[in-house]
Number of protein chains: 2
Amino acid sequence: MKNRNCIIRLSRYKTALYRLKALGFVKVFSDNLAEAIGVMPSQVRKDFSLFGISGKKRGGYHIDALIERLNEILGKDKVHTVIIVGCGHIGSALMKYRKFEDGGIKIAAGFDIDPAKHAQDADIPVFPIDRVKPFIKEHNVELAIIAVPDIAAQQVADMLISAGIKGILNFAPIRLRCPEGSIAHNINLELELENLIYFVNVLKKKRVNPDETENA
Amino acid sequence: MKNRNCIIRLSRYKTALYRLKALGFVKVFSDNLAEAIGVMPSQVRKDFSLFGISGKKRGGYHIDALIERLNEILGKDKVHTVIIVGCGHIGSALMKYRKFEDGGIKIAAGFDIDPAKHAQDADIPVFPIDRVKPFIKEHNVELAIIAVPDIAAQQVADMLISAGIKGILNFAPIRLRCPEGSIAHNINLELELENLIYFVNVLKKKRVNPDETENA
DNA sequence: TAGATTGTTAATCGATTAACAATC
DNA sequence: TAGATTGTTAATCGATTAACAATC
């Protein structure tokens, strides 16, 4: 169904389509897209049918139309404004992350508790944290990135949501709880690395003992 | 089975266990852990049985022993050395990321093509990129974080793997292909935000039309 | 003992894949 | 037309959940 994996695949199809387009292709078949992102052709057609995307039997899908439709589904047909709360190492790196801008995501401002981080006249200004609520309301911001220490994260999230934020991308190593009507996705960097370490170890054991193979 | 989700759950159990331990608890039941990370108690017991972790009927699991066992399974019973290739915004933020150090992950060095980034005497030194191969071999490094521009990422990955790297955590917005015996996990920041945007839009549609509800 | 909790087996659920009729 | 490709239905697969006997 229209679960997280499915939506992620839509993004990947889109990326692949931009590449094919740049290569001069005009239309594409489900096999091409399947191959490009590493799934079965029936998965591609299934995903598309879920969103009412149709091609032409024998003629495949028109790349331009498909990109446009995918962007529409993913909400990428308009620019989205995002604020970043917590301008430490991670937060300020994200403020300067180019792919956001290229992808129609506008980082409007940063907020931090530390006066040394404040920079009201910078390209992307950094304001004191107590300015975040009025800022959200004034600019109708719906998306926020949280990059504060873990102990502060839930409190910051609650505050942002009460001010009108609907979606949070959280880099603090804690799973945020959200009331209905808002949503948080968590990126836990240490967990990702820990996970990788596990699978590297599995790989190493396989080398030594190729019989006891288990799937990774 | 022992898939990615299962391993991620092990990490989450571990986090929850440290918290319970800090709160003074000594033993824990499958319900407590289930509650803590938001799964069913039978999921917890199933996960544990997959790794031969056993408790006492009626007595639950001993927290200290459980933490130790989980760390062992996850390979966290030893310190892991990691290098970072690409010391731009993201790369240098990760170099300073405290949670890695706290979690027994040692960032040994950074590497960058840009001489302006080099800092051979810094706390975590940054070397020219052509020093990476000898460095990997000399220090037996198996893990790398890639934070270079997307066009360079695959080439860098190939080079690292040929030098002995087994696991790559990739921040370039491209899916790395790896030969057998090595593995890459990809973190695509724009895709994460795009995904969040989609689910926020679903939420907003639900508000307007609560009937046509679909699962997020 | 009675009651609670594990460990495992069986049932359910949902997502992926295969198959194939429709049709260009 | 013959052959290729879609769109959808049915089959498969795997992961999660429920159930329950064992036992502390």
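Here the structure is a predicted model, which means the values were calculated and not measured. Hydrogens, waters and symmetry mates are skipped; everything else that's a heavy atom, side chains included, is used. Chain identifiers are assigned alphabetically (A, B, ...) following the order of the sequence lines, protein sequences preceding nucleic acid strands; residue numbering begins at 1 within each chain.
- When rounded to the nearest whole Å, the span between NZ of B:Lys2 and P of D:dG14 equals 16 Å.
- In this structure, A:Ile145 and A:Ile168 have side chains that are not in contact, with every pair of non-hydrogen atoms separated by 4.5 Å or more.
- A side-chain donor-acceptor contact under 3.5 Å links A:Arg9 and A:Gln43.
- Residue A:Arg4 is out of contact with every strand shown, counting any heavy-atom pair closer than 4.0 Å.
- For D:dG7, neither phosphate oxygen OP1 nor OP2 lies less than 4.0 angstrom from any side-chain nitrogen or oxygen of A:Ser49.
- Atom pair A:Ile7:CD1 and C:dA15:P shows a separation of 12 Å (rounding to whole Å applied).
- For A:His185, the side-chain contact (heavy atoms from CB on, under 4.5 Å) partners at least two apart in sequence or on another chain are A:Arg4, A:Leu169, A:Ile183, B:Asn195, B:Leu196, B:Phe199.
- The number of heavy atoms from other shown groups lying within 6.0 Å of CD (A:Glu68) does not exceed 12.
- Residues B:Ser54 and A:Asn5 each lie close to DNA chain C; by heavy-atom proximity, the contact nearer the 5' end of the strand is made by B:Ser54.
- Legend: residues meeting salt bridge (charged side-chain N to carboxylate O under 4.0 Å, His left out) with B:Lys76, ordered by chain and number and at least two apart, are A:Glu190, A:Glu194.
- One can place CG of A:Leu50 at 10 Å from P of C:dA15, the figure rounded to the nearest angstrom.
- Note: CZ (A:Arg45) to P (C:dT17) measures 12 Å, nearest angstrom.
- Listed by first then second residue, pairs satisfying ring-ring contact (aromatic ring centres under 6.0 Å, His included) with a partner in residues 54-88 of chain A read A:Phe48-A:Tyr61, not counting sequence neighbours.
- An OP1 or OP2 oxygen of D:dG14 is reached within less than 4.0 angstrom by no side-chain nitrogen or oxygen of B:Asn3.
- Separating the CD1 atom of B:Ile53 from the P atom of C:dT5 is a distance of 19 Å, rounded to the nearest angstrom.
- Rounding to whole angstrom units, NZ of residue B:Lys46 and P of C:dA10 are separated by 11 Å.
- The cationic group of B:Lys2 lies under 6.0 Å from the six-membered ring centre of B:Phe51 and within 45° of the ring axis, placing it in a cation-pi geometry.
- Place A:Lys56 and B:Phe48 on DNA chain C by their nearest nucleotides, and B:Phe48 ends up nearer the 5' end.
- Listed in residue order, the members of residues 32-44 of chain A having a heavy atom less than 4.0 Å from DNA chain C are A:Met40, A:Ser42, A:Gln43.
- Listed in residue order, the members of residues 57-74 of chain A having a heavy atom less than 4.0 Å from DNA chain D are A:Lys57, A:Arg58, A:Gly60, A:Tyr61.
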So what is the 5' to 3' dot-bracket string for DNA chain D, if pairs are Watson-Crick or G-U wobble with both distances under 3.5 Å, crossing pairs use [ ] and | means the partner sits on another strand? ..||||||||||||||||||||||
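- A donor-acceptor pair is defined here as one N or O able to donate and one able to accept, closer than 3.5 Å; no such pair exists between the side chain of B:Asp47 and the backbone of B:Val44.
- Side-chain contact of B:Gln154 with B:Asp158: a donor-acceptor pair under 3.5 Å is present, judged by distance alone.
- In terms of heavy-atom proximity, A:Cys87 sits nearest to A:Val126 at SG-CG1, 4.0 Å.
- Using modelled atom types, one finds no donor on one side chain facing an acceptor on the other under 3.5 Å when comparing B:Asn71 with B:Asp77.
- Rounded to whole Å, atom P of D:dC24 lies 15 Å from atom CZ of B:Phe29.
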